[in-house]
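Inspection log for the structure reproduced underneath, given as structure tokens.
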2 protein chains.
Amino acid sequence: MGVSKSESFSVAHNEMASLFKALSHPARVAIVEYLLSVDTCICGDIVEVLPLAQPTVSQHLKELKNANIIKGSIDGTAICYCINPDTIEIIEKYFGSINKQLKNKCC
Amino acid sequence: MGVSKSESFSVAHNEMASLFKALSHPARVAIVEYLLSVDTCICGDIVEVLPLAQPTVSQHLKELKNANIIKGSIDGTAICYCINPDTIEIIEKYFGSINKQLKNKCC
DNA sequence: TTATTATATTGCAATATTACGATAAACAAA
DNA sequence: TTTGTTTATCGTAATATTGCAATATAATAA
């Protein structure tokens, strides 16, 4: 068939996979790191930083927003994007927990 | 066009994106968590745990191996898979660093 | 050698993602 | 209102991913 069998997996596994999928493109990694590098959250110039056209950047931003990795608030004509620290913490803790479990293993 | 413009991004951004891509499917998240849950590393029964056919599981395992998230060593007829703790640590540190930088921010 | 068992590869159909031009929508300024 | 600025959406082409039947490969057992 070829259809992704996501219904066959647990909600938890799907949720984690969705987070990673949102970060699975270099443009989206670059966006996150750019948001991290600027002091303020007024980030209407992401398009100028990336080697992609405006509609493409808008699409990537939407995916990051849908995954709750970034937040966007309207600021007049512009939109103010910033990283959602809660989601970053969820991911960090996930890998921290994996690491802890690995410490008690042979491998 | 539609081709992924990965050459336009830095090696570092591509490398992180590749790690996340390897974890961007619920089956691959499930595999990692299963490897974590079993005591030994002899894991030739992953196929029986997942709701996917053997060639599909083999394909997912290959992707995790290529991304260095798991290691596989031959053990007679079977193959012994286990998580690569080095890669997990790289990811954990990446998000730890993001978290640290976020602490010194307004947002 | 001939099974048997375990994993990998091939080939292909179904679907998803990526990218961007064109266009729309929303708002501010003139 | 009209004009300019900023971001989003639509439509579509190119490419990538997912899943599996069929088959291949590799090692062991009989």
Side-chain angles (χ1 to χ4, degrees), chain A residues 1-9 13-14 17-31 34-35 40-67 69-82, chain B residues 1-9 13-14 17-31 34-35 38 40-67 70-82:
Chain A
M1 279 112 213
V3 57
S4 196
K5 295 177 75 173
S6 51
E7 347 69 60
S8 308
F9 297 95
H13 289 166
N14 271 289
S18 291
L19 287 181
F20 301 137
K21 190 178 212 167
L23 293 168
S24 72
H25 192 288
R28 298 196 285 273
V29 172
I31 289 173
Y34 176 71
L35 287 181
T40 70
C41 290
I42 299 139
C43 307
D45 41 2
I46 296 172
V47 174
E48 286 161 40
V49 180
L50 294 186
L52 297 171
Q54 180 269 323
T56 310
V57 173
S58 184
Q59 203 173 267
H60 284 306
L61 286 167
K62 191 182 177 183
E63 285 178 66
L64 287 170
K65 248 190 300 181
N66 286 344
I69 288 171
I70 65 174
K71 296 185 279 191
S73 56
I74 297 166
D75 176 27
T77 323
I79 286 195
C80 159
Y81 284 112
C82 62
Chain B
M1 282 111 213
V3 59
S4 196
K5 296 177 72 173
S6 50
E7 345 70 58
S8 308
F9 297 94
H13 290 166
N14 271 291
S18 291
L19 287 182
F20 301 136
K21 190 179 214 167
L23 294 168
S24 72
H25 192 287
R28 296 196 287 271
V29 172
I31 289 172
Y34 176 70
L35 287 182
V38 291
T40 70
C41 291
I42 298 137
C43 306
D45 42 3
I46 295 171
V47 174
E48 286 162 40
V49 180
L50 294 184
L52 297 171
Q54 180 267 324
T56 311
V57 173
S58 183
Q59 203 174 266
H60 284 306
L61 286 167
K62 191 181 177 183
E63 284 177 67
L64 288 170
K65 248 191 298 181
N66 285 343
I70 65 174
K71 295 184 276 191
S73 56
I74 296 166
D75 174 27
T77 323
I79 287 194
C80 158
Y81 283 112
C82 62

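All chains are named by letter (A, B, ...) in the order of the sequence lines, taking the proteins before the strands, and each is independently numbered beginning at 1.
- A:Ser8 OG to B:Leu52 CG: the interatomic distance, rounded to the nearest 0.5 Å, is 7.0 Å.
- Note: CG (A:Leu64) to C1' (D:dT7) measures 16 Å, nearest angstrom.
- Expressed to the nearest 0.5 Å, how far CZ of A:Phe20 lies from CG of B:Leu19 amounts to 10.5 Å.
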Donor-acceptor pairs are to be reported for all side-chain atoms of residues 53-64 of chain A against protein atoms at under 3.5 Å, with residues two or more places apart or in another chain.
{"unit_1": "A:His60", "atom_1": "ND1", "unit_2": "A:Arg28", "atom_2": "NH1", "d": "2.9"}
{"unit_1": "A:Glu63", "atom_1": "OE1", "unit_2": "A:Arg28", "atom_2": "NH1", "d": "3.3"}

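- Within residues 21-31 of chain A, the residues having any heavy atom closer than 4.0 Å to DNA chain C are, in order of number, A:Lys21, A:His25, A:Arg28.
- Listed in residue order, the members of residues 52-62 of chain B having a heavy atom less than 4.0 Å from DNA chain D are B:Leu52, B:Ala53, B:Pro55, B:Thr56, B:Gln59, B:His60.
- Distance CZ (B:Phe9) to P (C:dT18): 11 Å, rounded to an integer number of Å.
- When rounded to the nearest whole Å, the span between CD of B:Glu7 and P of C:dT18 equals 14 Å.
- Using a 4.5 Å heavy-atom cutoff, the side chains of B:Tyr81 and B:Val38 are not in contact.
- Atoms NE2 and OG, from A:His25 and B:Ser6 in turn, are 7.5 Å apart once rounded to the nearest 0.5 Å.
- The distance between atom CZ of A:Phe20 and atom P of D:dT17, rounded to the nearest whole Å, is 18 Å.
- Once rounded to the nearest 0.5 Å, the distance linking NZ of B:Lys21 with CG of B:Asn66 reads 12.0 Å.
- The interatomic distance linking A:Asn66 (CG) with C:dA16 (C1') rounds to 15 Å, in whole Å.
- Separating the NZ atom in B:Lys71 from the CG atom in B:Leu35 is a distance of 12.0 Å, to the nearest 0.5 Å.
- For the pair B:Leu50 CG and C:dT7 P, the interatomic distance rounds to 13 Å; values are reported in whole Å.
- The residue among A:Ser6 and A:Lys65 whose nearest nucleotide of DNA chain D is located toward the 5' end is A:Lys65.
- Between the CG atom in B:Asn14 and the CZ atom in B:Phe9 there is a gap of 8.0 Å [rounded to 0.5 Å].
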